[in-house]
Structures are given as structure tokens and as C-alpha cells.
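All ligand and atom numbering here is 1-based and tracks the order in the structure. All heavy atoms count here, side chains included; hydrogens, waters and symmetry mates do not.
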Amino acid sequence: MTSPAPTRTYGLPMAFDALGDRWSILTLRAVYDGHHTFTELRDSVGITDGVLAARLARLTGSGMLDRLQYHARPPRWQYHRSDIAVELWQAGIALWLWDQAWDSPSLDTQIRHVACGNIAAPAFGCASCGTLGVTTHDVQATVADGLPDELNLSSATRTVRLAALPYVDAVTLLGDHWSTAMLAVTLFGARSFSEYRAVLQRISTATLSERLRLFVVSGLLETAPGNGGRRKVYRMTQKSRDFFPVFAAMNEWAGRFADDTGLRFEHVHCGSELIPRFWCDHCHRVMDGPNTTFETIAPTVADPAQSRPNA
Ligand SMILES: [Zn+2]
Ligand SMILES: [Zn+2]
């Protein structure tokens, strides 16, 4: 049976497009970290003027950033996260935790729950029932007709050449169209080259092979021999399972962009839709944007250049 042409648009592909490419995500992250002027953002992201100007225009245009003029002549602007971007906070916490666990630990940042004043170790759970420690084993994913077609809608700015990369980090995953689509398809249960290909019909075999190789090298998938001499199968790893909170938070946020995200996660334990949230391990309240901040940890080792008395 062939799937019908999509009669509606789903929020998940739109949300990923609003997030933009790798440079857009790094720019957004820098704004979250408290950098607001063009110069601050350029220096903190390590980006050229032209690339930054294009990303700021795109993020402002898609409503992710608000632009405020702070100087009339010459005109100077500050960039602040919009209400839409503030609501992305759960995904921001999820991404930070995943980076801490698996990628390049951001040892110089920590999360403070301003509501109670403590440095927190956020715990993921379902706000429908209050259960903490929810994993992919506890949820049932339902995919709407038409979403796989929408995942095939390629956005040129979000597709990057990954061939030269030794591995993929979280920002690269979220900033690359085919990587996010493949992560989604992995969560839907694809386990073989042909199963990925069946859903992502517009991906070339070369691109799919390259992404699968990178996912394996990066520890997001592992391979096993297929039954009866069939082609190898791909299995999720703990690392890709741990990406689930990022996906669940992104999916909830995607609801802002359309009536239906196209993807529903049911929490099997309570039988309700999983409402992804993070709880503070100190005061046991839900952490969200206005009451949570990322802080830079002051270096504990003295910088020799700074401590030299007569430099
Ligand atoms: Zn629940
Ligand atoms: Zn707290």
C-alpha cells in the first residue's frame, strides 16, 4: 500500500527548520549563554561576519530571536531569545545533559535552578504522571501518515557535508537535515539499510551510507550480522537512546508550529501522552526557562598569564 500524499503539514520538520543549521544552533546557544551584540556573538561562536549576519537574519526572520536597537547612530542591535526560543528550554537542558554524558562535556558550564538556588542535576520524566527516569523502553511512538514524506523535504541550508568529520556531536546532529530525519526513523524502528531507504526515499544511497557510517563511528548505532546471511542490521545504542529526551522535548516544542507534530509518544506506564520535563534533584520541582540558568564555572587553575606579577 502506498502512503497517501500529505494533506497537512506537521510541526516536527518545521521546528527543525526554525532551529536552522549548525551555525544557527551555535548562535542561539551563545545568545542563551548571555552574548547579545554582534561582536560578542562573533567572538564567542568563532564565526565570520558574513555567516553570522546571515544566521541572525534567518533566526530573526523565523521568530527565534528578537532584535533590539540599543544605539541610534550608527545603528547597533542586540539579539535576545524570543518567547518561542524560551520555550525551547527543555530541549536545551536535554541537549546539555546529552553533551555532558556522551560528547564533549561542557565542563565549564553548569545548570542552576534559580527557583531554589542550587546547582542541579536535572532528571528527565513524564509530567502527565510525575514518573522520573523515563527512557525509550517506557514509551510507544506513533507516527502520523505523511510525516515520513515530510521528513524527506530537504532544506538546502540544513544539509551539510559530513564526510570529513570524524564523528558527529549533538549540534551537528540537530543542524543536519538527514541526521535528524535518520534519528527519527531510528526511533520509529528502522534497523536495516533498506528500512531507512524505504522511509527516506529522497536520500541518496551514498548519503545514507555516509550517515550510517558516521552514526556507527559516533556510537549512535551498532551493527550486527543479519539473520541467515542477510545484510547487517543496525541497533540503537545507549548513546542514541539517551538522545530521546532531546527528541521528545523538540517534538513537544514542534507543537508550536502546527496542529500536529506528526509524532506522538505515549508513556506506557500511565497511558497518557508523555509530557517531557526535567525535575530539579534538590527541590523536586519542574525546571523551565525563566527559573533556570546556565552558568560558566570559573577556572580553578590560575592562568599563568594572569598571575604573573609584572606582565
Ligand atoms: Zn506518565
Ligand atoms: Zn530546585
Side-chain angles (χ1 to χ4, degrees), residues 10-12 15 29 31-34 81 83 85-102 105-144 147 170 183-184 186-189 236 238-298 300:
Y10 293 109
L12 195 58
R29 185 184 269 190
V31 172
Y32 271 83
D33 286 345
R81 55 181 194 249
D83 291 344
V86 168
E87 289 166 9
L88 191 56
W89 201 260
Q90 297 291 327
I93 294 175
L95 201 55
W96 183 84
L97 282 171
W98 190 82
D99 260 343
Q100 292 283 309
W102 292 105
S106 310
L107 294 176
D108 56 343
T109 59
Q110 55 194 5
I111 294 181
R112 185 178 298 280
H113 190 210
V114 177
C116 71
N118 289 295
I119 299 299
F124 181 70
C126 169
S128 287
C129 63
T131 301
L132 301 188
V134 173
T135 72
T136 50
H137 298 292
D138 307 312
V139 295
Q140 185 80 44
T142 314
V143 190
L147 178 64
L183 270 174
T186 302
L187 281 172
F188 305 160
M236 290 181 84
Q238 193 59 47
K239 186 174 181 178
S240 49
R241 288 184 189 286
D242 281 357
F243 206 75
F244 172 69
V246 179
F247 227 91
M250 280 294 299
N251 189 53
E252 191 198 31
W253 182 68
R256 314 273 164 196
F257 296 87
D259 294 337
D260 189 353
T261 68
L263 179 59
R264 185 179 187 275
F265 294 115
E266 181 189 313
H267 184 210
V268 176
H269 170 77
C270 69
S272 297
E273 184 159 2
L274 173 77
I275 299 178
R277 290 290 181 272
F278 287 92
W279 275 262
C280 172
D281 59 328
H282 288 276
C283 68
H284 310 292
R285 282 181 284 175
V286 169
M287 302 173 70
D288 57 28
N291 68 33
T292 312
T293 58
F294 288 95
E295 293 181 357
T296 303
I297 303 170
T300 49

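Distance check: Arg277 CZ to Asp288 CG gives 8.0 Å after rounding to the nearest 0.5 Å.
Around CD of Glu295, the count of heavy atoms belonging to other residues, nucleotides or ligands within 6.0 Å exceeds 12.
With a cut-off of 2.8 Å, the Zn ion (ligand 1) has no N, O or S atom of His269 in range.
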Exercise. Could you check His137 against Val268 for side chain to side chain contact (heavy atoms under 4.5 Å, CB included), going step by step and ending with a plain yes or no?
Key: CA-CA 9 Å; His137 298 292; Val268 176; over 6 Å; no
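Using a 4.5 Å heavy-atom cutoff, the side chains of Pro122 and Ile111 are in contact. At least one side-chain heavy atom of His269 sits under 4.5 Å from a side-chain heavy atom of Cys129.
In this structure, Phe124 and Phe244 have perpendicular ring planes: the angle between them is above 60°, well past the 30° mark. Aromatic ring pairs are classed by plane angle as parallel below 30°, tilted from 30° to 60° and perpendicular above 60°; the pair Phe257 and Trp253 is perpendicular.
Take the Zn ion (ligand 2) and draw a sphere of radius 2.8 Å; the protein N/O/S atoms inside it number 4.
Among the heteroatoms counted here (N, O or S) of His267, ND1 is the one nearest to the Zn ion (ligand 1).
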